[in-house]
Amino acid sequence: MPSLDNKTIAGLLEETAVYMRLAGVNDFKAIAFDRAARTIETLENSIEPLITEKKLTDIKGIGKSIAQDLYAYAETGAIPVLEELKEQVPESLVAWLNISGLGPKKIYKIHKALGISTIEELQEKCADGSVAKLSGMGAKSAEKILKSIEWMQQFSERCRLDEATEIAQRFYDDLKSVKGVQEISIAGSLRRSAETIGDIDILIAAEKADTAAIFETFLAHESVLEVLGQGDTKASVRTKEGRQVDVRIVGQKEFPAALMYFTGSKEHNVVMRQRARDQKLTLNEYGLFHMDGAGNTDFERPVETGSEADIYKELGLSFVPPELREDRGEFAFFEKHKLDDANLPEVSDIRGVLHAHSTWSDGKYSIREMAEACMAKGFEYLGLTDHSRTAAYAGGLTIERVKKQWEEIDALNSEFANNGKNFRIFKGIESDMLPDGSLDYPDDILAGFDFVIASLHASLDMAPEKMLERYLRAIENPYTRIVGHPTARLLLKRDGSKVDLNKMIEAAAAHNTAIEINASPWRLDIDWRYGQKAKKEGLMTAICPDAHDIEGIDDTAYGVAIARKGWFSKDRILNTMSAAELQQWFDNR
DNA sequence: GCCGTTTTCGGCCCGACTGTTTTCAGTCG
């Protein structure tokens, strides 16, 4: 029986779409498969019963044909149309899509004309001039392909949110003060706080007369390794870190529409444009316009909009914060509600640090140093969670050391109280979740902690069903108050465990156990894509920096961004509570 | 391939840039 989980099915449909594009079939077919994949990926419940009961066409976006494909897959373990495509299109061509400048059409043309299918062959044929001879290609195309392959091998395609933030900030700071810059904003996936970033987009409002000087500053920036392209309104560079940075300049009047446009997401924009069409308007990066008789944009008749919020308003929506622009429920919500109704957190709403390590295990600073750093940053409490005894590699605490640590925490708390400091350290532990789902200490020790975070650190590649059992057992344990980084993924490095997060969320919500948002930019786990499910189940979370040093405490900001992206309202975030309220919640098992 | 208070056929978001052309296709976001 093939695996029928949502992710696997969505992956297969996506793969089919990729092969369709490479095979040159009608692009709308491929789009239909992509849409279906996205829909299934976003479902809050398992798709399996819909397959076994043959009710797939109940889902909007899945018609007879795709339904039949998936019924066949459930029976045979293969999608017939995908298998056929694979006979036509060599698998190794898929990797070519990562080469910038090469799309499905050119890839197929080169493959057919020269009978090659590997990247190495492509490099050869570019170098010996064969590619340049093909119609529609030329010497520049071949050169660009070679260059792009070189970049691809040298640099990774995406980077973490913290890396992108740092690079973007550099350009932003320098460009902000250039003469003629009227407005400037980061756009793209970085503005949406995606967990990994491909290109960095910066948008500027300026008069036409000033654009040349602004581009000059941009292209001459010390971080620039190579200029990739430059036009009247747009320029692209590659930085020494291998990141592509695009700067676009528009007129000040166009800035709001352009900002919306370049913030995306693509999926969000598609719906926005459709909404405009429904009102006989058209939306592009220059603004919202009426249409002429032929249904084309009438640039002479704009709808006046002075901000992104105005554009949303014209299209029947309240302002949608950038983090939520993913076409994952924001349209239904903001048609009826205002931003305040979402009750999303700001960094300033976070009152305490939960999940941090000290020198007692693998942290860099003592408990006192961590506590004082928290105080200096304006927090009211620290939930200290060193590693448990099984995590010997990280200096996990034996029972004896646990007891000693408690003494130290008690002493520090008394000292703070005696000095009139309104600050408290909670005794916590990041307990390894053992392979059978039990925690790492006997009950009498577990009872001595204020709270326990149960985390996965070893035996990550268990079968999904076994892993779910392991989690369920840990969630049912009355001492577990928070589940740590639920998939244990490391972004761009290691996939997390394949556990069914929808089921985990249901169980955690039912047992009043929180699942953390691990705010380390390496993790950002639980994934924001499960936000709607979490909201529906009333799941609690905590924004946890998992700090191993003082700087790590500031990762809280990334966690707040992900919490917003995942629709977590303040009342479902433990560390928006006061210390007293939190104590009560910990005790209410 | 999917969808339908304009439609069961004919649409499906839109513009900039590039490189190849000499009016446009392909790619990108």
Side-chain angles (χ1 to χ4, degrees), chain A residues 13 16-17 20-21 24-39 56-70 79 81 96-110 131-145 147-148 187-192 194 197-203 227-236 244-250 254 257-258 260-278 280-289 291 295-297 299 315 327:
Chain A
L13 294 178
T16 308
M20 281 180 163
R21 292 200 163 93
V25 302
N26 177 354
D27 200 40
F28 291 113
K29 263 193 197 184
I31 289 172
F33 273 81
D34 261 340
R35 284 227 179 99
R38 258 185 61 76
T39 304
L56 274 180
T57 49
D58 289 358
I59 303 174
K60 198 178 164 208
I62 297 184
K64 255 190 187 165
S65 173
I66 291 182
Q68 288 305 329
D69 288 338
L70 292 181
I79 294 183
V81 59
W96 292 25
L97 284 167
N98 294 326
I99 301 167
S100 86
L102 273 192
K105 297 260 167 33
K106 286 187 181 174
I107 290 174
Y108 198 66
K109 178 189 270 182
I110 296 172
V131 168
K133 284 197 195 106
L134 300 177
S135 74
M137 309 288 292
K140 276 200 174 171
S141 311
E143 204 179 304
K144 213 171 148 188
I145 291 170
K147 191 100 203 178
S148 175
S189 52
L190 185 51
R191 182 162 181 243
R192 300 200 315 277
I197 309 292
D199 301 343
I200 293 167
D201 294 297
I202 298 175
L203 183 71
V227 177
L228 297 174
Q230 185 192 2
D232 293 339
T233 66
K234 167 186 169 178
S236 301
Q244 182 174 330
V245 181
D246 297 344
V247 167
R248 309 177 198 246
I249 303 182
V250 298
E254 298 152 354
M260 174 181 283
Y261 183 84
F262 291 115
T263 297
S265 68
K266 211 173 151 188
E267 292 80 5
H268 180 86
N269 286 350
V270 166
V271 178
M272 289 295 285
R273 280 160 192 280
Q274 191 54 54
R275 289 183 77 98
R277 294 287 289 235
D278 293 347
K280 303 254 184 284
L281 298 171
T282 163
L283 179 65
N284 58 38
E285 65 250 58
Y286 297 113
L288 190 59
F289 298 92
M291 290 194 276
N296 294 317
T297 305
F299 283 98
L315 299 180
D327 190 19

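In what follows, chains are A, B, ... by sequence order, proteins preceding strands, each numbered from 1.
Minimum atom distance to the side chain of A:Lys106 is reached by B:dT27, of the listed B:dT27, B:dC14, B:dG1. The side chain of A:Asp246 lies closest to B:dG29, out of B:dA16, B:dC14, B:dG29. Checking B:dC2, B:dT20, B:dC13 against every side-chain atom of A:Ile66, the shortest atom distance belongs to B:dC2. Distance from the side chain of A:Lys60 is smallest to B:dC3 among B:dC14, B:dG19, B:dC3. Minimum atom distance to the side chain of A:Phe299 is reached by B:dG15, of the listed B:dG1, B:dG15, B:dC3. Checking B:dG29, B:dG1, B:dC12 against every side-chain atom of A:Arg277, the shortest atom distance belongs to B:dC12. Comparing B:dG15, B:dC2, B:dG29 by their closest approach to the side chain of A:Ala32 singles out B:dC2. The side chain of A:Pro104 approaches B:dT27 more closely than any other nucleotide in the set B:dT27, B:dG19, B:dG29.
Considering only side-chain N and O atoms, A:Ser236 lies nowhere under 4.0 angstrom from the phosphate OP1 or OP2 of B:dC17.
If you check every strand for non-hydrogen atoms under 4.0 Å, A:Ala17 touches nothing. At the heavy-atom level, A:Asn269 lies nowhere under 4.0 Å from the strands shown. At the heavy-atom level, A:Leu102 lies under 4.0 Å from the strands shown only through sugar-phosphate atoms. Across all strands shown, A:Phe33 has heavy atoms under 4.0 Å from sugar-phosphate atoms exclusively, and none from any base. Using a 4.0 Å heavy-atom cutoff across all strands shown, A:Ile99 reaches sugar-phosphate atoms only and no base atom. Note on A:Lys234: only backbone sugar-phosphate atoms sit closer than 4.0 angstrom, heavy atoms only; bases stay farther off. Residue contacts shown for A:Lys280 include a base, since a base heavy atom lies under 4.0 Å away. Across all strands, A:Ser100 comes closer than 4.0 Å only to sugar-phosphate atoms, never to a base (heavy-atom distances). Among the atoms of the strands shown, only primed sugar atoms or phosphate atoms (P, OP1, OP2) are found under 4.0 Å from some heavy atom of A:Thr233. Nucleic acid contact for A:Met272: none, since no nucleic acid atom lies under 4.0 Å from a heavy atom of the residue.
The interatomic distance linking A:Ile249 (CD1) with B:dC17 (P) rounds to 11 Å, in whole Å. What separates NZ of A:Lys109 from P of B:dT20 is a distance of 11 Å, to the nearest Å. As a whole-Å value, the separation of A:Lys64 NZ from B:dC3 C1' is 14 Å. What separates NZ of A:Lys105 from P of B:dT20 is a distance of 18 Å, to the nearest Å. Spacing between atom NE2 of A:His268 and atom C1' of B:dC14 amounts to 15 Å, rounded to whole angstrom units.
A distance cut-off of 5.5 Å between ring centres, combined with a plane angle under 30°, places A:Phe28 in a stacking arrangement with the base of B:dC12.
B:dT8 is unpaired under the Watson-Crick or G-U wobble criterion, no partner having all donor-acceptor distances under 3.5 Å.
Counting only distance, with no hydrogens or angles, the side chain of A:Ser189 and the backbone of A:Arg192 share no donor-acceptor pair below 3.5 Å.
When each of A:Val245, A:Asp246, A:Ile249 is checked for a side chain to side chain contact (heavy atoms under 4.5 Å, CB included) with A:Ile202, only A:Val245 meets the rule.
Atom P of B:dC14 sits at a distance of 25 Å from the matching atom of B:dC9, rounded to the whole Å.
The two residues A:Arg38 and A:Asp327 come nearest to each other via the heavy atoms NH2-O, 3.4 Å.
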